[in-house]
Structures are given as C-alpha cells and as structure tokens.
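Lettering of chains follows the sequences in order, A, B, ..., and the numbering in each one begins at 1.
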2 protein chains.
Amino acid sequence: MSKNVTLNNPSNVEAVNILKSGFKDHRSIIIVGNCSVYYKGRASSQLGDGERIIILKPDGSALIHRPKDYPPVNWQPPGSLFRIKLDNDSIGLRIFRKKENEVIEVKIMSIIFLAVLDLTDVAEFNLHASEKDMQEAILLQPSLIEDNFRPITSERHVEPGFIDIMGYDNKNVLTIIEIKRKKATKKDVMQLKKYIDSLNVGEKRNIRGIIVAPYLAKGSQELISSFRYEFKLITPQQCSEILLKKKSKVITDYFNIK
Amino acid sequence: MSKNVTLNNPSNVEAVNILKSGFKDHRSIIIVGNCSVYYKGRASSQLGDGERIIILKPDGSALIHRPKDYPPVNWQPPGSLFRIKLDNDSIGLRIFRKKENEVIEVKIMSIIFLAVLDLTDVAEFNLHASEKDMQEAILLQPSLIEDNFRPITSERHVEPGFIDIMGYDNKNVLTIIEIKRKKATKKDVMQLKKYIDSLNVGEKRNIRGIIVAPYLAKGSQELISSFRYEFKLITPQQCSEILLKKKSKVITDYFNIK
DNA sequence: TAATAAATGTCGTTT
DNA sequence: AAACGACGTTTATTA
C-alpha cells in the first residue's frame with residue numbers, strides 16, 4: 001500500500017471514504033474541484049461555483065485558493081477541525097473552530113483531482129534581515145550608530161511599549177533608538193517621541209532620539225528635525241552581513257581555542 | 001488530449017517539459033515534492049530539504065507550503081515570472097519579480113506529484129461585515145448613532161487621513177465618528193483625537209467624538225472619557241443585517257414601481 | 001487572556 | 001510612485 005493516494009475524477013463516494021481516512025491519519029490533503037464556499041465568523045462571505053484548490057494540513061490549517069491571487073479566498077488557521085459528509089449530489093466539507101465560532105462550509109460538486117499525502121518536512125527555516133536582526137547587529141557592533149555608542153539595555157519597557165535600543169553616546173547623553181526594517185514613517189517618528197516623552201515625565205532630561213531605517217518617508221525628516229531627533233541610515237542587509245560575520249567569527253574562535 | 005495533466009512520480013525531464021508548456025499556456029500548477037528553497041529580496045531566507053506543496057497560478061502568484069502552518073513559508077504576489085531548468089540531479093525553479101528585486105529559487109530534487117490544470121473560476125466573492133459595511137449601514141440609517149444624527153460627508157480627508165463619518169447631532173454640534181469592526185484600542189482613540197485636533201487648528205470649536213465598535217480594549221474607556229469623547233456599541237453583524245434589509249427593500253420598491 | 005508591535009505583511013485608494 | 005489605512009489580517013511576545 002502506497003503511503004500517498006492520488007486520484008483523478010474520483011466519485012464522491014470514493015472521495016469521502018479516502019478523505020475520512022486521510023483526516024484520521026493526519027495527512028496533507030489536496031482537493032481540486034468545483035465547489036461553492038460559505039464562511040461565517042468575524043465576518044461572513046459567499047463564493048459561487050468555481051474550480052479551486054483546497055489544501056487541508058495535518059495541523060488543522062486550511063486554504064481555499066482560486067486560480068488567481070496570492071491570499072486564499074477563504075481559510076482557517078491551525079487548530080481547525082475537518083468534517084466531511086456525503087450529500088445527494090455533492091460532498092459537504094466543514095472546516096471550523098468551535099471556540100472562535102468560525103465556520104467554512106464547502107459544497108464540493110465534483111472533484112477533478114484528490115491527493116492524500118504523507119509529507120515529511122523537518123527542515124529548519126532561517127529568515128534574515130528582520131527588525132530583530134537589525135537590533136542584534138547594532139548590539140553586536142554599536143559603532144554602527146556612531147563611535148563610542150554604548151547600549152545599556154535592549155527592549156526596555158516604558159509605558160507606551162518597548163524601546164528598541166537604549167544607550168549612552170560619546171558625551172554620556174541618554175540615547176533612544178527606534179529601528180525600522182523599511183521606510184520610517186511619520187508614525188514611527190511619533191512612536192519614538194512617545195517613548196522619549198514617557199522617559200521625561202519627571203525632571204526634563206537631555207535625551208537623544210535616533211530613527212534607524214534604510215530610508216525615510218516624505219515628511220518624516222521634517223518631523224525628526226522638529227523634535228531635534230536624528231536619522232541614521234542602516235539597511236537590514238548591512239545588519240544581516242554583520243551578524244553573519246560575527247557568528248562565523250564566534251565559530252572560528254571556538255576552533256582556535258580547541 | 002485532456003486539458004488537465006496529472007502525474008505521479010514523473011521523471012525530472014518529463015516534469016520540466018510539462019511545466020514549460022504549463023507556463024506557456026498560463027495554467028494553474030501544483031507541484032508536490034522534495035525541495036529546498038532560497039529567497040532573497042526585502043529579506044532573505046533559506047529552507048533545507050523537505051516535502052512541500054508548490055502552487056503556481058496563471059496570474060504569476062506563487063505559494064510554497066510546508067505540511068503545517070497557515071501562511072506559505074515562501075511566496076510571491078501576482079505578477080511574478082516563472083523560469084524552470086533541468087539540472088544534473090534536480091530541477092531549478094526560479095520565481096522572481098525583476099523590478100522589486102525579489103527572487104525565490106526552488107531546487108526540486110524529486111517530484112511526488114505534478115498537476116497542470118486549466119481551472120475555471122469566474123464566481124463573485126461577497127464579503128460582509130467589513131468596516132466599509134458598517135460605514136454604509138450608519139449612512140443608510142444614521143439613527144444607529146442616535147436620533148436625529150445627520151451625516152454630512154463620509155470619508156472626509158483631513159491632514160492625518162480620512163474621517164470615517166462626519167455629521168451634526170441633535171443640537172447641531174459637529175460630530176466625528178471613528179469606526180472599528182472589532183475591539184477599539186487606545187491607538188484608535190488617539191486616531192480619532194488626531195482627526196478632531198486637525199479640525200480644531202484655527203478657532204476652537206465644540207466637536208463631539210464618537211468611537212463606534214463592538215467593544216473596547218482595556219484602557220480605551222478611560223482615554224475616551226479623558227478627551228470627553230463617547231463610545232457607541234455597534235457590531236459589524238448589526239450593520240450587515242441593516243444593509244441586507246435596506247437592499248432587499250430597494251429591490252421590493254423596484255418591483256412595486258414596476 | 002489581553003495588549004502590543006512586527007511582517008518579505010498584502011491590498012485597495014487617493015494624491 | 002508614495003502615503004495611508006483596512007484586513008476574517010496572522011503571528012509572536014509579554015504582562
């Protein structure tokens with residue numbers, strides 16, 4: 001018996017049986033066929049007949065894709081439950097989360113193709129150049145900001161949220177850094193202002209504010225200047241490379257010690 | 001010749017030929033197989049060998065799904081280009097957007113299943129209970145806010161953005177409404193404040209501010225009170241029903257006239 | 001559980 | 001092309 005089952009144009013009876021065993025065994029399932037979709041939960045939606053790709057994953061996530069667009073037309077996140085039943089001229093597929101009160105009902109008129117698959121995927125996924133990477137890179141190499149910049153805490157909590165990086169500059173002035181992995185908007189500048197204001201509730205202190213980003217949105221520079229903050233151009237790519245270098249250095253050092 | 005091609009365990013040579021003609025004919029393509037994925041663009045990522053579902057759509061959108069999680073592990077939005085080539089022991093699939101400088105490279109070691117499909121889906125998709133629906137419902141039935149509320153403009157543009165609804169109340173006081181389809185946060189209250197402040201740049205006027213939402217986040221009520229704004233409980237579902245009623249009434253009226 | 005902010009966010013709309 | 005806000009946003013993190 002093959003671990004994977006694939007069928008072209010199965011009968012609805014046949015399909016329901018295979019799907020039921022697929023659910024039981026927590027397989028990855030692909031259904032291609034003509035269906036209509038009804039959704040009700042936070043919002044509600046209807047979608048008339050058409051040919052779509054339905055993916056049901058072992059973790060309970062579900063995707064219904066039309067032959068266009070990046071996002072699924074309907075979906076459920078992991079943890080959803082699947083129920084299937086044979087109707088007169090169609091298959092009823094119910095994808096639901098009870099607690100959240102979210103339900104998708106798929107009426108499958110006919111199946112073009114059905115796959116019940118036992119997929120193995122344990123590989124690591126590594127994503128670089130996130131905002132967190134930028135933060136790490138600056139902490140590893142504070143001179144990215146300027147010579148003799150000395151971070152004191154990362155992610156310090158103040159009332160409005162978390163400060164990305166806090167530190168002292170060359171002249172021992174408290175410096176607050178707000179990092180953006182892409183264009184820094186006026187909103188981002190206001191965010192920085194909120195953090196600095198919240199540190200200034202008692203006696204007024206001299207606090208520097210620096211926006212770190214690859215570039216600025218229109219109007220951001222004016223806002224930055226009006227608050228006497230500064231903009232420091234750093235790209236996620238730069239940071240990514242610094243992390244790579246530093247990490248390989250750590251490995252090199254390790255072998256040198258050995 | 002069938003319009004749809006499905007193949008179990010095709011050879012790499014066979015697969016490349018079928019995929020090439022599939023790209024040419026703008027088909028929907030499903031590839032299930034063992035692959036590794038490399039992405040570089042706004043960020044970058046690596047993903048080692050594993051069995052995944054790859055979907056390529058006629059509009060140039062692409063999805064690479066692991067057998068878990070709701071979001072694709074790698075993707076490209078519509079408008080991407082697909083290129084395929086046969087390597088020694090694998091297939092090289094390149095999914096890229098030149099202008100945006102975003103590239104996915106998929107190294108497909110072996111294909112478990114391949115489908116090249118001509119899917120037809122022209123159905124309408126209707127989503128209800130969006131914020132726009134709530135806005136429409138209030139404009140159709142302004143008494144939802146309170147008796148004798150009279151909207152004057154919807155979506156008026158002021159400096160920080162767009163005001164959801166503007167109008168005059170029973171006492172002819174200018175009233176600004178900010179609509180949220182779910183929990184209204186402190187941020188949303190601040191948004192309303194920005195709009196009202198921007199209308200108050202010249203002479204100070206008496207302006208009412210109302211947050212319309214199904215419920216409030218913690219701290220929002222305090223913020224609302226501190227600005228002397230108000231909270232009006234309205235749910236997206238309520239609005240959805242009003243729209244349905246009003247629209248069916250329009251149809252009824254139409255038939256009555258006829 | 002709620003709040004908060006990031007995301008390769010994407011997508012639509014308007015300037 | 002840039003700015004801005006909605007999205008059934010989802011997801012992760014933290015109080």
Starting at [atom1] of [X] and ending at [atom2] of [N], how long is that distance when rounded to a whole Å?
X: B/Gln135; N: C/dT13; atom1: CD; atom2: P; result: 13 Å
X: B/Met134; N: D/dA6; atom1: CE; atom2: C1'; result: 13 Å
X: A/Glu100; N: C/dA2; atom1: CD; atom2: C1'; result: 15 Å
X: B/Glu178; N: D/dA6; atom1: CD; atom2: P; result: 6 Å
X: B/Asp164; N: C/dT13; atom1: CG; atom2: P; result: 16 Å
X: A/Gln237; N: C/dT8; atom1: CD; atom2: C1'; result: 11 Å
X: B/Asp188; N: D/dG5; atom1: CG; atom2: C1'; result: 11 Å
X: B/Met190; N: D/dG5; atom1: CE; atom2: P; result: 14 Å

Inset, instruction - Starting at NZ of A/Lys57, measure out to OG of A/Ser28 and round the result to the nearest 0.5 Å. - result: 7.5 Å

Inset, instruction - Could you tell me whether A/Lys68 contacts a base, only the sugar-phosphate backbone, or nothing, with contacts defined as non-hydrogen atoms closer than 4.0 Å? - result: nothing

Inset, instruction - Look at all strands and tell whether A/Lys40 reaches a base, only sugar-phosphate, or nothing, counting heavy atoms closer than 4.0 Å. - result: nothing

Inset, instruction - Would you please confirm or rule out a distance under 4.0 Å between OP1 or OP2 of C/dT4 and any side-chain N or O of B/Lys186? - result: yes

Legend entry - Below 4.0 Å: OP1/OP2 of D/dA1 and any side-chain N or O of B/Lys99: yes

Inset, instruction - Mind listing the closest non-hydrogen atom pair of A/Glu51 and B/Thr120 along with its distance? - result: OE1-N, 2.7 Å

Inset, instruction - For the pair B/Asp69 (side chain) and B/Pro71 (backbone), establish whether a donor and an acceptor sit closer than 3.5 Å, ignoring hydrogens and angles. - result: no

Legend entry - A/Ser220 (side chain) donor-acceptor with A/Ala184 (main chain) under 3.5 angstrom: yes

Legend entry - From A/Lys40, A/Arg94, A/Arg83, residue fulfilling side chain to side chain contact (heavy atoms under 4.5 Å, CB included) relative to A/Glu105: A/Arg94

Legend entry - Side-chain donor-acceptor contact under 3.5 Å, B/Gln237 with B/His128: no

Inset, instruction - Answer yes if the side chains of B/Gln76 and A/Tyr70 hold a donor-acceptor pair under 3.5 Å, and no otherwise. - result: no

Legend entry - Residue pairs passing the salt bridge (charged side-chain N to carboxylate O under 4.0 Å, His left out) test where at least one lies in residues 214-241 of chain A, sequence neighbours excluded: A/Arg208-A/Glu230

Inset, instruction - State the pairing partner of D/dG8; accept Watson-Crick or G-U wobble contacts with both distances under 3.5 Å, and report none otherwise. - result: none

Legend entry - Strand-adjacent residues in residues 215-232 of chain A, judged by heavy atoms under 4.0 Å from DNA chain D: A/Ala217, A/Lys218

Could you work out the separation of [N] and [M] based on their [atom1] atoms and round it to a whole Å?
N: D/dG8; M: D/dC4; atom1: P; answer: 23 Å
N: D/dG5; M: C/dA7; atom1: C1'; answer: 16 Å
N: C/dT10; M: C/dA6; atom1: C1'; answer: 14 Å

Inset, instruction - Taking only the side-chain heavy atoms of B/Phe162 (C-beta and beyond), determine which of C/dT14, C/dT4, D/dA6 contains the nearest atom. - result: C/dT14

Legend entry - Base-contact (B) and sugar-phosphate-only (S) positions in nucleotides 7-13 of chain D, heavy-atom cut-off under 4.0 Å, - elsewhere: SBSSS--

Legend entry - Distance under 6.0 Å and angle within 45° of ring axis: B/Lys183 vs B/Tyr215: no

Inset, instruction - With side chain to side chain contact (heavy atoms under 4.5 Å, CB included) as the test, would you mind laying out the steps for B/Leu117 and B/Arg27 before giving the verdict? - result: CA-CA 6 Å; B/Leu117 306 160; B/Arg27 296 297 196 240; 5.9 Å; no

